[in-house]
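For reference, the structure discussed in these notes is given below.
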Amino acid sequence: WELVITDVQMSDRGVFECQLSDMPVMSWAVQLTVVNIWVDILGDDLLYVQTDSSLVLTCIVTNITRPHNKAIVWTQNGQEVSPSPYLSIGTEGVTSSLSIKRVQPQSAGLYQCGWSGIKKGTLRL
């Protein structure tokens, strides 16, 4: 038998038991632990930055309990950010940095870092 839980919530944690109604009764208990993964951009949610200054935004994913191969993705105003001569992205493990070498008016907007398409950290520049 198979138990499938979709849209897992913290309230789903606990012991689940599969029981075969035979003589003698056979059962198998499984402990489900639910971990709440957090994605956050360090610092204030709103930044004011001077034109032509440099800026580094850092995104951290916490509470990951096992190795993963999912990427941290940065977006500006809903569009995925791509590296350029004035912008670079560096990721190591569960930390990613977005570096803007020369902030320009078009650098303003809503920045988000997302992990696995399920969690996002948000900051407005």
With distance as the sole criterion, is a donor-acceptor pair present between the side chains of Thr75 and Glu80 under 3.5 Å?
no
Would you give the length of the straight line joining atom OG of Ser82 to atom CH2 of Trp74, rounded to the nearest 0.5 angstrom?
14.0 Å
Test Val25 against Gln19 for side-chain contact (heavy atoms from CB on, under 4.5 Å), laying out the working first.
CA-CA 7 Å; Val25 173; Gln19 198 174 75; 3.5 Å; yes
Do Thr122 and Asp45 come within less than 4.5 Å of each other through their side chains, counting heavy atoms only?
no
Can you check side-chain contact (heavy atoms from CB on, under 4.5 Å) on Thr58 and Thr95, steps first, answer last?
CA-CA 7 Å; Thr58 302; Thr95 303; 3.8 Å; yes
Step by step, work out the side-chain contact (heavy atoms from CB on, under 4.5 Å) result for Val94 and Thr62.
CA-CA 7 Å; Val94 295; Thr62 56; over 6 Å; no
Would you say Val49 ends up clustered with Leu123 if hydrophobic residues are merged whenever their side chains have heavy atoms under 4.5 Å apart, either directly or through other cluster members?
yes
For Gln79, does the CD atom have more than 12 heavy-atom neighbours from other residues, nucleotides or ligands under 6.0 Å away?
no
According to a hydrophobic-cluster definition based on side-chain heavy atoms being under 4.5 Å apart (Ile, Leu, Val, Met, Phe, Trp, Tyr only), do Leu98 and Val73 belong together?
no
Keeping Asn63 on the side-chain end and Asn36 on the backbone end, is there a donor-acceptor pair under 3.5 Å?
yes
Would you say Asp7 and Gln9 are linked by a side-chain donor-acceptor pair, where the criterion is simply a distance under 3.5 Å?
yes
Check whether any side-chain N or O of Gln76 sits under 3.5 Å from a backbone N or O of Gln106 as a donor-acceptor pair, and report yes or no.
yes
I need the Thr33 OG1 to Arg13 CZ distance, nearest 0.5 Å.
9.5 Å
Is there a side-chain contact between Ser99 and Ser88 (heavy atoms, below 4.5 Å)?
yes
OH (Tyr86) and NZ (Lys101) are apart, to the nearest 0.5 Å, by 9.0 Å
Mark yes or no for whether Asp40, through its side chain, and Ile60, through its backbone, hold a donor-acceptor pair below 3.5 Å.
no
Steps toward side-chain contact (heavy atoms from CB on, under 4.5 Å) verdict (Val103, Ser54)
CA-CA 6 Å; Val103 174; Ser54 62; over 6 Å; no
To the closest 0.5 Å, what do you measure between CE (Met26) and OG (Ser21)?
11.0 Å
How long is the gap from CG on Asp52 to OG on Ser107, to the nearest 0.5 Å?
9.5 Å
With a cut-off of 6.0 Å (strictly less than), are more than 12 heavy atoms of other residues, nucleotides or ligands near CD of Gln50?
no
Does Met10 share a hydrophobic cluster with Val61, counting links as ILVMFWY side-chain heavy atoms below 4.5 Å and allowing steps through other members?
no
How far does CG of Leu57 sit from CG of Leu55, to the nearest 0.5 angstrom?
4.5 Å
For the CD atom on Glu92, are there more than 12 heavy atoms of other groups (residues, nucleotides or ligands in this structure) within a distance under 6.0 Å?
no
Counting neighbours of CZ on Phe16 that are heavy atoms of other residues, nucleotides or ligands and sit closer than 6.0 Å, is the number greater than 12?
yes
With a 4.5 Å cut-off on side-chain heavy-atom distances among I, L, V, M, F, W and Y, is there a chain of contacts connecting Leu3 to Val34?
yes
